[in-house]
Participant: 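The structure that follows is given in the form of structure tokens.
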Number of protein chains: 2
Amino acid sequence: MSQDFADRIVAARAPRRETKSLIYQHALRLFAERGYARTSLRDIAEAVGLEVPSLYTHIASKQSLLFDLMEFGNSELLARLEAAVAAVPGDRPLDQLYVLVRENVISHCRHRDQTKVVFTEIRELADRQRPRILSLRRSIEDLFRDTIGRAVDAGSAREVDVTVTAFGVLAIGRGAATWYHDDGELTPEDIGDLYAEQVVRGILAPKLAAKWSRPQL
Amino acid sequence: MSQDFADRIVAARAPRRETKSLIYQHALRLFAERGYARTSLRDIAEAVGLEVPSLYTHIASKQSLLFDLMEFGNSELLARLEAAVAAVPGDRPLDQLYVLVRENVISHCRHRDQTKVVFTEIRELADRQRPRILSLRRSIEDLFRDTIGRAVDAGSAREVDVTVTAFGVLAIGRGAATWYHDDGELTPEDIGDLYAEQVVRGILAPKLAAKWSRPQL
DNA sequence: CCTACCGATCGGTAGG
DNA sequence: CCTACCGATCGGTAGG
């Protein structure tokens with residue numbers, strides 16, 4: 001066995017974290033651009049600067065790569081949203097909804113690749129992997145449902161269908177990821193404020209319409 | 001050449017319209033379920049009850065099948081939306097917006113497979129085919145932009161960003177296609193009314209908030 | 001981390 | 001509308 005061969009086998013047994021990170025970065029970008037089914041392991045390997053079999057030092061399969069990206073993407077979004085709600089007192093549900101919608105829009109604009117992959121490629125997961133991702137997604141939906149529900153219960157919002165309203169709000173955020181560009185006139189914060197105000201006014205109790213104004217954050 | 005062979009060649013030269021229709025029906029369903037890239041011509045042929053080469057009596061290629069479905073889906077939606085707006089006088093832009101949002105939601109709920117394919121598979125089109133589809137999509141967007149813009153100009157709506165608002169409304173409709181089920185409690189019309197009211201109230205001039213009510217259709 | 005390789009599947013064609 | 005077939009590409013493995 002030559003020195004060269006030995007070095008390469010050692011490299012395979014002591015995988016570099018940096019390489020793994022590059023694999024995930026390029027996989028996310030390529031999955032978002034072309035879709036999971038149209039991205040081959042050859043594409044990913046080439047982007048990273050490896051041969052295909054070398055990828056298997058770092059990942060278990062193409063599918064596990066997708067699963068990891070989807071789990072991280074959903075978890076990160078959920079954490080951001082929970083932090084946003086927690087920053088506003090619970091007795092002001094309309095303001096909580098405002099920051100929730102705003103943070104959701106901002107996150108989707110800032111992490112467009114994550115959004116595209118997370119919401120387009122669910123059907124590509126194995127049946128065994130899917131429940132975990134759906135569960136995370138449901139937690140996000142529940143956060144919106146709960147906040148809207150408390151605004152209704154407090155009499156600050158009209159008696160809207162909580163689930164349908166929540167789904168509409170979530171769709172607006174995902175939509176932003178499909179058209180937002182960094183070189184546009186509006187920042188993610190601008191867009192977040194714009195949608196948050198429309199959503200709150202859309203369900204606001206009419207008696208509050210004249211005096212409601214955007215929360216000072 | 002046997003009688004049997006001759007019959008089959010004749011059948012190929014005189015394709016039945018019914019067969020072509022079945023191919024498009026099953027292709028739409030399968031593309032919506034699994035995605036274009038994950039649907040093989042073998043899947044489609046099997047669903048229709050043919051062998052793969054027989055498909056080519058009716059279609060030019062897999063890609064042309066997708067293009068035809070996307071062109072039809074977008075054209076049909078545009079026609080429905082234009083009809084909805086035209087049914088309301090032009091001097092009532094808020095009511096026009098209401099019926100526009102409502103019809104958009106209803107159409108997406110009723111034609112979920114079309115929605116899924118039309119908005120997910122654009123990247124699968126050839127560069128030569130894509131402009132035609134993007135042009136149809138832009139006409140739909142313009143219809144919303146124009147209606148919202150006239151509501152703003154008339155002073156009935158706040159001075160919102162017309163494009164961002166239109167994209168939000170369109171996203172809500174597309175979103176409905178992903179979660180609506182025929183066996184739910186709400187009809188497409190219910191959901192259409194719900195979202196239409198939220199959208200109109202969301203941009204309504206505050207001075208009109210107390211007295212605005214859903215248009216009688 | 002690489003070379004060499006494999007079975008499966010793909011869209012599509014030839015020819016009748 | 002079918003049988004027979006093809007070159008390209010896929011995810012992944014053996015072995016060092």
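Within every chain, numbering begins at 1; the chains are lettered A, B, ... in the order of the sequence lines, protein sequences first and strands thereafter. What you see below is based on every heavy atom in this structure, not just the backbone, and it leaves out hydrogens, waters and symmetry mates.
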Participant: Are A/Ser61 and D/dG11 close enough that a side-chain N or O sits under 4.0 Å from OP1 or OP2?
Facilitator: no

Participant: Just compare D/dG11, D/dC1, C/dG11 and give me whichever is closest to any side-chain atom of B/Leu41.
Facilitator: C/dG11

Participant: Please check if atom CD in B/Glu46 has more than 12 non-hydrogen atoms from other residues, nucleotides or ligands closer than 6.0 Å.
Facilitator: no

Participant: Measure the distance from NZ on B/Lys62 to C1' on C/dT13 and round it to the nearest whole Å.
Facilitator: 18 Å

Participant: We want to know whether A/Asp193 and A/Tyr98 form a side-chain donor-acceptor pair, criterion being a heavy-atom distance below 3.5 angstrom.
Facilitator: yes

Participant: When the distance from NE2 of A/His58 to C1' of D/dG12 is rounded to whole Å, what number comes out?
Facilitator: 16 Å

Participant: Is the distance from OP1 or OP2 of C/dT9 to the nearest side-chain N or O of B/Ser40 less than 4.0 Å?
Facilitator: no

Participant: With distance as the sole criterion, is a donor-acceptor pair present between the side chains of A/Arg80 and A/His111 under 3.5 Å?
Facilitator: yes

Participant: I want to check one thing: is the phosphate of D/dC1, taken as OP1 and OP2, less than 4.0 Å away from some side-chain N or O of B/Thr57?
Facilitator: no

Participant: Whole angstroms only, please: what is the CG-C1' distance between B/Leu65 and C/dG11?
Facilitator: 13 Å

Participant: Provide, to the nearest angstrom, the distance between the CZ atom belonging to A/Arg42 and the P atom belonging to D/dG12.
Facilitator: 11 Å

Participant: Please tell me if the side chains of A/Ile172 and B/Phe167 come closer than 4.5 Å, counting only heavy atoms from C-beta onward.
Facilitator: no

Participant: Measure from the side-chain heavy atoms of A/Pro53 and tell me the nearest of D/dC2, D/dG12, C/dA4.
Facilitator: C/dA4

Participant: Could you tell me the separation between the OH atom of B/Tyr56 and the P atom of D/dT3, rounded to a whole number of Å?
Facilitator: 17 Å

Participant: Separation of B/Arg16 atom CZ from D/dC2 atom P, in whole Å?
Facilitator: 12 Å

Participant: Regarding A/Glu76 and A/Gln114, do their side chains bring together a donor and an acceptor under 3.5 Å, going by distance alone?
Facilitator: yes

Participant: D/dG15 pairs with which nucleotide, Watson-Crick or G-U wobble, both distances below 3.5 Å?
Facilitator: C/dC2

Participant: Expressed as a whole number of angstroms, how long is the span from A/Glu51:CD to D/dG12:C1'?
Facilitator: 14 Å

Participant: Send over the distance from A/Arg17 CZ to C/dC1 C1', rounded to a whole Å.
Facilitator: 19 Å

